[in-house]
S.K.: 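Submitted below is the structure of interest, expressed as C-alpha coordinates.
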Amino acid sequence: MPKRIIAGIQRVGHSTIEGIRRLGHATRFFLLVLLKSGTSLRRFNLVIRELFYVGVLSLIIIVVSGLFVGMVLGLQGYETLQKYGSESAVGTLVALSLVRELGPVVAALLFASRAGSAITAEIGLMKATEQLSAMGMMAVDPVARVVAPRFWAGVISMPLLAAIFSVMGVFGGYLVAVVFIGVDAGSFWSQMQSNVDFRIDILNGFIKSCFFGVAVTAIAVFEGYDSPPTAEGVSGATTRTVVTSSLVILGLDFILTAFMFRGL
Amino acid sequence: MQRATLDLWVGLFVMAGIAALMVLSLKVGNLDTYNGSDTYVVRGNFENIGGLKVRAPVKSSGVVVGRVANIQFSTKTYDAIVTMNIERRYQFPKDTFASILTSGLLGEQYIGLDAGGDEAMLKEGDTIMKTNSALVLEEMIGRFLFDKASDDNAF
(Lines give C-alpha, C1' and ligand atoms only; values in the text may rest on other atoms or scores of the structure.)
Protein backbone atom coordinates (compact mmCIF):
# COMPACT_ATOMS: atom_id res chain seq x y z
CA MET A 1 0.00 0.00 0.00
CA PRO A 2 2.67 2.64 0.88
CA LYS A 3 4.32 1.77 -2.45
CA ARG A 4 1.23 2.88 -4.35
CA ILE A 5 1.00 6.09 -2.33
CA ILE A 6 4.66 6.85 -3.04
CA ALA A 7 4.08 6.16 -6.74
CA GLY A 8 1.15 8.59 -6.72
CA ILE A 9 3.22 11.32 -5.07
CA GLN A 10 5.99 10.64 -7.59
CA ARG A 11 3.54 11.12 -10.44
CA VAL A 12 2.49 14.51 -9.04
CA GLY A 13 6.12 15.54 -8.64
CA HIS A 14 6.98 14.38 -12.14
CA SER A 15 4.19 16.33 -13.80
CA THR A 16 5.08 19.45 -11.77
CA ILE A 17 8.72 19.29 -12.79
CA GLU A 18 7.73 18.57 -16.40
CA GLY A 19 5.36 21.55 -16.43
CA ILE A 20 7.96 23.93 -15.03
CA ARG A 21 10.58 22.63 -17.42
CA ARG A 22 8.24 23.22 -20.36
CA LEU A 23 7.42 26.71 -19.12
CA GLY A 24 11.11 27.56 -18.90
CA HIS A 25 11.63 26.07 -22.34
CA ALA A 26 8.80 28.19 -23.75
CA THR A 27 10.18 31.37 -22.15
CA ARG A 28 13.64 30.73 -23.55
CA PHE A 29 12.15 30.03 -26.97
CA PHE A 30 10.14 33.27 -26.78
CA LEU A 31 13.29 35.26 -25.98
CA LEU A 32 15.11 33.48 -28.82
CA VAL A 33 12.37 34.48 -31.28
CA LEU A 34 12.60 38.11 -30.13
CA LEU A 35 16.38 37.99 -30.43
CA LYS A 36 16.27 36.62 -33.98
CA SER A 37 13.51 38.95 -35.18
CA GLY A 38 16.06 41.23 -36.82
CA THR A 39 16.07 39.32 -40.11
CA SER A 40 12.30 39.18 -40.46
CA LEU A 41 11.96 42.89 -39.70
CA ARG A 42 14.67 43.72 -42.23
CA ARG A 43 13.21 41.36 -44.85
CA PHE A 44 9.66 42.49 -44.24
CA ASN A 45 8.34 40.56 -47.25
CA LEU A 46 8.50 37.41 -45.15
CA VAL A 47 6.13 39.00 -42.62
CA ILE A 48 3.81 40.27 -45.35
CA ARG A 49 3.44 36.75 -46.73
CA GLU A 50 2.48 35.49 -43.25
CA LEU A 51 0.18 38.46 -42.69
CA PHE A 52 -1.84 37.19 -45.62
CA TYR A 53 -2.24 33.70 -44.16
CA VAL A 54 -2.69 34.80 -40.56
CA GLY A 55 -4.62 38.05 -40.95
CA VAL A 56 -6.42 38.24 -44.28
CA LEU A 57 -7.69 34.67 -44.17
CA SER A 58 -9.06 35.22 -40.64
CA LEU A 59 -11.08 38.22 -41.80
CA ILE A 60 -14.23 36.36 -42.80
CA ILE A 61 -14.73 34.56 -39.50
CA ILE A 62 -13.96 37.77 -37.56
CA VAL A 63 -16.34 39.93 -39.61
CA VAL A 64 -19.21 37.43 -39.51
CA SER A 65 -18.87 36.63 -35.81
CA GLY A 66 -18.50 40.31 -34.92
CA LEU A 67 -21.67 41.14 -36.78
CA PHE A 68 -23.66 38.39 -35.10
CA VAL A 69 -22.29 39.05 -31.61
CA GLY A 70 -23.28 42.70 -32.01
CA MET A 71 -26.74 41.76 -33.27
CA VAL A 72 -27.34 39.43 -30.33
CA LEU A 73 -26.10 42.07 -27.89
CA GLY A 74 -28.46 44.61 -29.45
CA LEU A 75 -31.42 42.23 -29.27
CA GLN A 76 -30.82 41.02 -25.72
CA GLY A 77 -29.85 44.47 -24.46
CA TYR A 78 -33.02 45.95 -25.92
CA GLU A 79 -35.20 43.22 -24.37
CA THR A 80 -33.90 44.03 -20.88
CA LEU A 81 -33.49 47.80 -21.20
CA GLN A 82 -36.97 48.44 -22.60
CA LYS A 83 -38.42 47.14 -19.32
CA TYR A 84 -36.86 50.19 -17.67
CA GLY A 85 -37.77 52.56 -20.47
CA SER A 86 -34.14 53.23 -21.30
CA GLU A 87 -33.85 51.40 -24.60
CA SER A 88 -31.80 54.29 -25.99
CA ALA A 89 -28.93 53.07 -23.76
CA VAL A 90 -28.62 49.99 -25.96
CA GLY A 91 -25.92 51.73 -28.01
CA THR A 92 -23.84 52.30 -24.89
CA LEU A 93 -24.32 48.70 -23.82
CA VAL A 94 -23.27 47.29 -27.19
CA ALA A 95 -20.29 49.61 -27.65
CA LEU A 96 -18.91 49.31 -24.13
CA SER A 97 -19.16 45.53 -23.92
CA LEU A 98 -17.58 45.15 -27.36
CA VAL A 99 -14.78 47.69 -27.03
CA ARG A 100 -13.80 46.73 -23.49
CA GLU A 101 -14.21 42.96 -23.39
CA LEU A 102 -15.88 41.04 -26.18
CA GLY A 103 -13.95 42.59 -29.07
CA PRO A 104 -10.45 41.73 -27.85
CA VAL A 105 -11.41 38.46 -26.11
CA VAL A 106 -13.68 36.84 -28.69
CA ALA A 107 -11.49 38.00 -31.57
CA ALA A 108 -8.47 36.47 -29.78
CA LEU A 109 -10.31 33.18 -29.15
CA LEU A 110 -11.31 32.99 -32.81
CA PHE A 111 -7.81 33.99 -33.85
CA ALA A 112 -6.32 31.21 -31.69
CA SER A 113 -8.52 28.58 -33.28
CA ARG A 114 -8.30 29.93 -36.83
CA ALA A 115 -4.71 31.15 -37.16
CA GLY A 116 -2.93 29.80 -34.07
CA SER A 117 -3.78 26.17 -34.86
CA ALA A 118 -2.68 26.68 -38.48
CA ILE A 119 0.68 28.10 -37.38
CA THR A 120 1.26 25.18 -35.01
CA ALA A 121 0.30 22.57 -37.59
CA GLU A 122 2.46 24.16 -40.27
CA ILE A 123 5.60 24.46 -38.12
CA GLY A 124 5.00 21.03 -36.58
CA LEU A 125 4.67 19.41 -39.98
CA MET A 126 7.78 21.21 -41.24
CA LYS A 127 9.59 19.73 -38.27
CA ALA A 128 8.12 16.25 -38.77
CA THR A 129 9.17 16.22 -42.44
CA GLU A 130 12.62 17.49 -41.39
CA GLN A 131 12.35 20.71 -43.39
CA LEU A 132 13.58 22.64 -40.35
CA SER A 133 16.65 20.43 -40.00
CA ALA A 134 17.30 20.80 -43.74
CA MET A 135 17.24 24.57 -43.33
CA GLY A 136 19.69 24.26 -40.46
CA MET A 137 21.95 22.17 -42.73
CA MET A 138 21.94 25.01 -45.27
CA ALA A 139 22.96 27.45 -42.52
CA VAL A 140 19.52 29.10 -42.62
CA ASP A 141 18.27 29.64 -39.09
CA PRO A 142 14.76 28.14 -38.95
CA VAL A 143 13.79 30.35 -35.99
CA ALA A 144 14.70 33.51 -37.90
CA ARG A 145 13.33 32.30 -41.26
CA VAL A 146 10.17 30.37 -40.26
CA VAL A 147 9.16 31.21 -36.69
CA ALA A 148 9.85 34.95 -36.31
CA PRO A 149 7.85 36.11 -39.39
CA ARG A 150 4.82 34.13 -38.22
CA PHE A 151 5.15 35.55 -34.73
CA TRP A 152 5.27 39.16 -35.93
CA ALA A 153 2.45 38.63 -38.41
CA GLY A 154 0.27 37.41 -35.53
CA VAL A 155 1.27 40.29 -33.26
CA ILE A 156 0.46 42.85 -35.98
CA SER A 157 -2.82 41.35 -37.13
CA MET A 158 -4.42 40.68 -33.72
CA PRO A 159 -5.17 44.33 -32.76
CA LEU A 160 -6.43 45.05 -36.28
CA LEU A 161 -8.73 42.03 -36.20
CA ALA A 162 -10.04 42.99 -32.75
CA ALA A 163 -10.81 46.52 -33.99
CA ILE A 164 -12.61 45.14 -37.04
CA PHE A 165 -14.56 42.79 -34.77
CA SER A 166 -15.68 45.66 -32.52
CA VAL A 167 -16.71 47.86 -35.44
CA MET A 168 -18.71 45.04 -37.02
CA GLY A 169 -20.33 44.38 -33.64
CA VAL A 170 -21.35 48.01 -33.19
CA PHE A 171 -22.73 47.95 -36.72
CA GLY A 172 -24.66 44.74 -35.94
CA GLY A 173 -26.09 46.32 -32.80
CA TYR A 174 -27.06 49.39 -34.82
CA LEU A 175 -28.76 47.18 -37.42
CA VAL A 176 -30.88 45.36 -34.86
CA ALA A 177 -31.65 48.22 -32.46
CA VAL A 178 -32.12 51.12 -34.86
CA VAL A 179 -33.02 49.61 -38.22
CA PHE A 180 -35.12 46.59 -37.15
CA ILE A 181 -36.53 47.60 -33.74
CA GLY A 182 -36.64 51.36 -34.21
CA VAL A 183 -34.64 52.89 -31.36
CA ASP A 184 -33.92 56.55 -32.15
CA ALA A 185 -30.67 56.69 -34.13
CA GLY A 186 -29.62 59.98 -32.52
CA SER A 187 -30.05 58.67 -28.97
CA PHE A 188 -28.28 55.45 -29.94
CA TRP A 189 -25.18 57.29 -31.16
CA SER A 190 -25.29 60.19 -28.69
CA GLN A 191 -25.53 57.96 -25.63
CA MET A 192 -22.78 55.76 -27.05
CA GLN A 193 -20.51 58.71 -27.72
CA SER A 194 -21.06 60.38 -24.38
CA ASN A 195 -20.37 57.17 -22.47
CA VAL A 196 -17.47 55.62 -24.40
CA ASP A 197 -14.21 57.27 -23.45
CA PHE A 198 -11.29 57.21 -25.87
CA ARG A 199 -8.55 56.61 -23.32
CA ILE A 200 -10.33 54.43 -20.77
CA ASP A 201 -12.29 52.23 -23.15
CA ILE A 202 -10.88 52.24 -26.66
CA LEU A 203 -7.18 52.56 -25.86
CA ASN A 204 -7.36 49.94 -23.11
CA GLY A 205 -9.20 47.54 -25.42
CA PHE A 206 -6.48 48.08 -28.02
CA ILE A 207 -3.73 47.37 -25.45
CA LYS A 208 -5.56 44.21 -24.42
CA SER A 209 -5.66 42.92 -27.98
CA CYS A 210 -1.91 43.59 -28.35
CA PHE A 211 -1.23 41.44 -25.27
CA PHE A 212 -3.49 38.68 -26.61
CA GLY A 213 -1.73 38.78 -29.97
CA VAL A 214 1.68 38.24 -28.37
CA ALA A 215 0.35 35.47 -26.09
CA VAL A 216 -1.53 33.51 -28.77
CA THR A 217 1.20 33.58 -31.41
CA ALA A 218 3.96 32.86 -28.89
CA ILE A 219 2.07 29.78 -27.72
CA ALA A 220 1.30 28.71 -31.30
CA VAL A 221 4.88 28.93 -32.58
CA PHE A 222 6.27 27.27 -29.46
CA GLU A 223 3.84 24.35 -29.62
CA GLY A 224 4.65 23.86 -33.29
CA TYR A 225 8.40 24.03 -32.80
CA ASP A 226 8.25 21.80 -29.73
CA SER A 227 5.86 19.16 -31.12
CA PRO A 228 7.00 15.53 -31.40
CA PRO A 229 7.81 14.92 -35.09
CA THR A 230 5.00 12.45 -35.68
CA ALA A 231 1.47 12.72 -37.06
CA GLU A 232 0.11 12.14 -33.56
CA GLY A 233 2.50 14.68 -32.07
CA VAL A 234 1.45 17.41 -34.50
CA SER A 235 -2.23 16.79 -33.85
CA GLY A 236 -1.64 16.88 -30.09
CA ALA A 237 0.33 20.11 -30.39
CA THR A 238 -2.46 21.75 -32.43
CA THR A 239 -5.03 20.81 -29.80
CA ARG A 240 -2.77 22.11 -27.02
CA THR A 241 -2.34 25.42 -28.86
CA VAL A 242 -6.08 26.05 -28.95
CA VAL A 243 -6.69 24.92 -25.35
CA THR A 244 -3.70 26.72 -23.81
CA SER A 245 -4.22 29.96 -25.73
CA SER A 246 -7.92 30.06 -24.84
CA LEU A 247 -7.15 29.61 -21.15
CA VAL A 248 -4.31 32.14 -21.26
CA ILE A 249 -6.54 34.68 -23.04
CA LEU A 250 -9.26 34.40 -20.41
CA GLY A 251 -6.83 34.52 -17.49
CA LEU A 252 -4.86 37.40 -18.97
CA ASP A 253 -8.11 39.25 -19.66
CA PHE A 254 -9.07 39.09 -16.01
CA ILE A 255 -5.67 40.38 -14.88
CA LEU A 256 -5.61 43.18 -17.48
CA THR A 257 -9.18 44.23 -16.66
CA ALA A 258 -8.32 44.33 -12.96
CA PHE A 259 -5.37 46.62 -13.70
CA MET A 260 -7.12 48.83 -16.26
CA PHE A 261 -10.59 49.40 -14.90
CA ARG A 262 -10.11 48.94 -11.17
CA GLY A 263 -6.75 50.68 -10.98
CA LEU A 264 -5.22 48.09 -8.66
CA MET B 1 0.40 33.14 -54.78
CA GLN B 2 1.66 36.11 -56.78
CA ARG B 3 3.55 38.80 -54.90
CA ALA B 4 1.33 41.60 -56.21
CA THR B 5 -1.91 39.89 -55.17
CA LEU B 6 -0.48 39.08 -51.78
CA ASP B 7 0.59 42.68 -51.22
CA LEU B 8 -2.81 43.91 -52.35
CA TRP B 9 -4.70 41.71 -49.90
CA VAL B 10 -2.40 42.49 -46.99
CA GLY B 11 -2.64 46.19 -47.83
CA LEU B 12 -6.43 45.98 -47.86
CA PHE B 13 -6.41 44.11 -44.55
CA VAL B 14 -4.15 46.62 -42.81
CA MET B 15 -6.17 49.54 -44.19
CA ALA B 16 -9.42 47.91 -43.04
CA GLY B 17 -7.92 47.45 -39.57
CA ILE B 18 -6.75 51.06 -39.35
CA ALA B 19 -10.11 52.25 -40.67
CA ALA B 20 -11.81 50.18 -37.95
CA LEU B 21 -9.63 51.84 -35.30
CA MET B 22 -10.51 55.26 -36.74
CA VAL B 23 -14.23 54.45 -36.69
CA LEU B 24 -13.95 53.25 -33.11
CA SER B 25 -12.21 56.39 -31.91
CA LEU B 26 -14.23 58.89 -33.97
CA LYS B 27 -17.72 57.47 -34.37
CA VAL B 28 -18.01 55.34 -31.23
CA GLY B 29 -15.68 57.39 -29.06
CA ASN B 30 -16.69 60.87 -30.01
CA LEU B 31 -16.84 63.51 -32.72
CA ASP B 32 -19.78 65.07 -34.44
CA THR B 33 -21.97 62.77 -36.49
CA TYR B 34 -24.64 65.29 -37.25
CA ASN B 35 -26.45 64.28 -40.42
CA GLY B 36 -26.14 67.77 -41.88
CA SER B 37 -29.77 68.65 -42.51
CA ASP B 38 -30.58 72.35 -42.67
CA THR B 39 -30.79 73.80 -39.15
CA TYR B 40 -30.88 77.07 -37.25
CA VAL B 41 -29.28 77.79 -33.90
CA VAL B 42 -31.27 78.76 -30.80
CA ARG B 43 -29.93 79.31 -27.31
CA GLY B 44 -31.53 78.84 -23.94
CA ASN B 45 -30.30 79.75 -20.46
CA PHE B 46 -31.15 77.17 -17.84
CA GLU B 47 -30.68 77.45 -14.11
CA ASN B 48 -29.92 73.73 -13.87
CA ILE B 49 -29.56 71.28 -16.74
CA GLY B 50 -29.42 68.13 -14.60
CA GLY B 51 -27.94 65.34 -16.71
CA LEU B 52 -28.49 66.88 -20.15
CA LYS B 53 -25.78 65.91 -22.62
CA VAL B 54 -24.55 67.22 -25.94
CA ARG B 55 -26.42 65.60 -28.87
CA ALA B 56 -29.47 64.95 -26.69
CA PRO B 57 -32.71 65.36 -28.66
CA VAL B 58 -34.86 68.49 -28.67
CA LYS B 59 -38.50 67.42 -28.84
CA SER B 60 -41.81 69.12 -29.33
CA SER B 61 -44.96 67.09 -28.68
CA GLY B 62 -42.64 64.08 -28.55
CA VAL B 63 -41.27 64.60 -32.07
CA VAL B 64 -37.52 65.11 -32.43
CA VAL B 65 -37.09 68.55 -33.99
CA GLY B 66 -33.40 69.13 -33.28
CA ARG B 67 -30.37 68.32 -31.16
CA VAL B 68 -28.38 69.93 -28.38
CA ALA B 69 -25.21 71.23 -30.02
CA ASN B 70 -23.27 72.67 -27.12
CA ILE B 71 -23.52 73.21 -23.37
CA GLN B 72 -21.55 75.96 -21.63
CA PHE B 73 -21.49 77.59 -18.25
CA SER B 74 -21.75 81.36 -18.01
CA THR B 75 -19.79 83.05 -15.24
CA LYS B 76 -21.79 86.27 -15.81
CA THR B 77 -25.22 84.93 -14.96
CA TYR B 78 -24.08 81.69 -13.32
CA ASP B 79 -26.35 79.50 -15.36
CA ALA B 80 -25.97 77.04 -18.22
CA ILE B 81 -26.16 78.18 -21.84
CA VAL B 82 -27.50 75.39 -24.04
CA THR B 83 -27.11 75.77 -27.79
CA MET B 84 -29.62 73.82 -29.89
CA ASN B 85 -29.70 73.05 -33.60
CA ILE B 86 -33.33 72.98 -34.71
CA GLU B 87 -34.37 71.81 -38.16
CA ARG B 88 -35.35 74.70 -40.38
CA ARG B 89 -38.70 73.21 -41.38
CA TYR B 90 -39.84 73.49 -37.76
CA GLN B 91 -40.46 77.14 -36.84
CA PHE B 92 -41.33 78.14 -33.28
CA PRO B 93 -42.88 81.36 -31.91
CA LYS B 94 -40.68 83.75 -29.93
CA ASP B 95 -42.39 82.99 -26.61
CA THR B 96 -41.77 79.23 -26.86
CA PHE B 97 -41.26 77.53 -23.52
CA ALA B 98 -38.19 75.25 -23.20
CA SER B 99 -37.94 72.76 -20.35
CA ILE B 100 -35.58 69.93 -19.57
CA LEU B 101 -37.50 66.68 -19.28
CA THR B 102 -36.66 63.03 -18.70
CA SER B 103 -37.88 60.18 -20.86
CA GLY B 104 -39.18 57.54 -18.51
CA LEU B 105 -38.19 57.36 -14.88
CA LEU B 106 -34.51 56.63 -15.48
CA GLY B 107 -34.20 57.55 -19.15
CA GLU B 108 -32.02 60.15 -20.79
CA GLN B 109 -32.83 63.84 -20.54
CA TYR B 110 -34.02 65.96 -23.44
CA ILE B 111 -35.33 69.47 -24.08
CA GLY B 112 -39.06 69.82 -24.61
CA LEU B 113 -40.36 72.82 -26.54
CA ASP B 114 -43.91 74.08 -25.96
CA ALA B 115 -44.96 76.55 -28.64
CA GLY B 116 -46.35 79.91 -27.46
CA GLY B 117 -48.74 82.26 -29.22
CA ASP B 118 -46.42 85.00 -30.49
CA GLU B 119 -46.68 86.11 -34.11
CA ALA B 120 -42.89 86.47 -34.55
CA MET B 121 -40.84 83.31 -34.99
CA LEU B 122 -37.50 82.39 -33.42
CA LYS B 123 -34.64 83.29 -35.72
CA GLU B 124 -31.04 82.11 -36.09
CA GLY B 125 -29.11 82.94 -32.91
CA ASP B 126 -32.15 83.92 -30.82
CA THR B 127 -32.39 83.11 -27.14
CA ILE B 128 -35.43 81.41 -25.65
CA MET B 129 -36.55 83.57 -22.73
CA LYS B 130 -38.85 81.15 -20.93
CA THR B 131 -36.99 78.15 -19.64
CA ASN B 132 -37.63 75.53 -17.00
CA SER B 133 -34.79 73.72 -15.27
CA ALA B 134 -34.36 70.02 -14.91
CA LEU B 135 -35.99 68.41 -11.91
CA VAL B 136 -33.31 67.24 -9.54
CA LEU B 137 -34.59 64.38 -7.43
CA GLU B 138 -32.60 65.33 -4.32
CA GLU B 139 -33.95 68.89 -4.36
CA MET B 140 -37.51 67.61 -4.73
CA ILE B 141 -37.14 65.19 -1.85
CA GLY B 142 -35.44 67.89 0.23
CA ARG B 143 -38.26 70.35 -0.44
CA PHE B 144 -40.86 67.69 0.35
CA LEU B 145 -39.22 66.85 3.68
CA PHE B 146 -38.86 70.55 4.52
CA ASP B 147 -42.54 71.21 3.77
CA LYS B 148 -43.56 68.21 5.81
CA ALA B 149 -41.45 69.36 8.75
CA SER B 150 -42.96 72.87 8.68
CA ASP B 151 -46.48 71.38 8.40
CA ASP B 152 -45.84 69.25 11.45
CA ASN B 153 -44.58 72.25 13.44
CA ALA B 154 -47.77 74.18 12.69
CA PHE B 155 -49.75 71.88 14.91
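Within every chain, numbering begins at 1; the chains are lettered A, B, ... in the order of the sequence lines, protein sequences first and strands thereafter.
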S.K.: Under a 4.5 Å heavy-atom cut-off, does chain B meet the side chain of S88(A), its backbone, both or neither?
M.R.: side chain

S.K.: Going from CG on L160(A) to CE on M15(B), what distance comes out if it is rounded to the nearest 0.5 angstrom?
M.R.: 12.5 Å

S.K.: If you draw a 6.0 Å radius around CE in M129(B), do more than 12 non-hydrogen atoms from other residues or ligands fall strictly inside?
M.R.: no

S.K.: Check whether any side-chain heavy atom of F171(A) lies under 4.5 Å from a side-chain heavy atom of V23(B), and answer yes or no.
M.R.: no

S.K.: NZ of K53(B) to OG of S187(A): how many Å apart, nearest 0.5 Å?
M.R.: 11.5 Å

S.K.: Return the OG to CG distance between S166(A) and L21(B), rounded to the nearest 0.5 Å.
M.R.: 9.0 Å

S.K.: Flag yes if more than 12 heavy atoms outside Y78(A) fall under 6.0 Å of its OH atom; otherwise flag no.
M.R.: yes

S.K.: Pick whichever of A19(B), A56(B), A20(B) has the most heavy-atom pairs under 4.5 Å with chain A.
M.R.: A20(B)

S.K.: With a sphere of 6.0 Å drawn around CG of L145(B), does it hold more than 12 non-hydrogen atoms of other residues, nucleotides or ligands?
M.R.: yes

S.K.: Can you measure from CZ (R49(A)) to CG (D7(B)) and round to the nearest 0.5 angstrom?
M.R.: 12.5 Å

S.K.: If I take atom CD1 from residue I48(A) and atom CZ from residue F13(B), how far apart are they, to the nearest 0.5 angstrom?
M.R.: 12.5 Å

S.K.: Taking everything shown except R88(B) itself, do over 12 heavy atoms lie less than 6.0 Å from its CZ?
M.R.: yes

S.K.: More than 12 heavy atoms of other residues, nucleotides or ligands under 6.0 Å from CZ of F144(B): is that the case?
M.R.: no

S.K.: Which atoms of L59(A) are under 4.5 Å from chain B, going by heavy atoms: the side chain, the backbone, both sets, or neither?
M.R.: side chain

S.K.: Check whether any side-chain heavy atom of N45(A) sits under 4.5 Å from a side-chain heavy atom of R3(B), and report yes or no.
M.R.: yes

S.K.: Checking heavy atoms, do the side chain of E87(A), its backbone, both or neither come under 4.5 Å from chain B?
M.R.: neither

S.K.: Please say whether more than 12 non-hydrogen atoms of neighbouring residues, nucleotides or ligands are located less than 6.0 Å from CD in E47(B).
M.R.: no

S.K.: Counting only non-hydrogen atoms closer than 4.5 Å, does F165(A) touch chain B with its backbone (N, CA, C, O), its side chain (CB onward), both, or neither?
M.R.: neither

S.K.: Could you tell me which of I156(A), L81(A), V170(A), D184(A) has the largest number of non-hydrogen atom pairs under 4.5 Å with chain B?
M.R.: D184(A)

S.K.: Would you say that more than 12 heavy atoms from the other residues, nucleotides or ligands in this model lie under 6.0 Å from the CD of E119(B), or not?
M.R.: no

S.K.: What part of D201(A) is in contact with chain B, defined as an atom under 4.5 angstrom from a non-hydrogen atom: side chain, backbone, both or neither?
M.R.: neither

S.K.: Can you tell me which portion of V68(B) sits under 4.5 Å from chain A's heavy atoms? Options are side chain, backbone, both or neither.
M.R.: neither

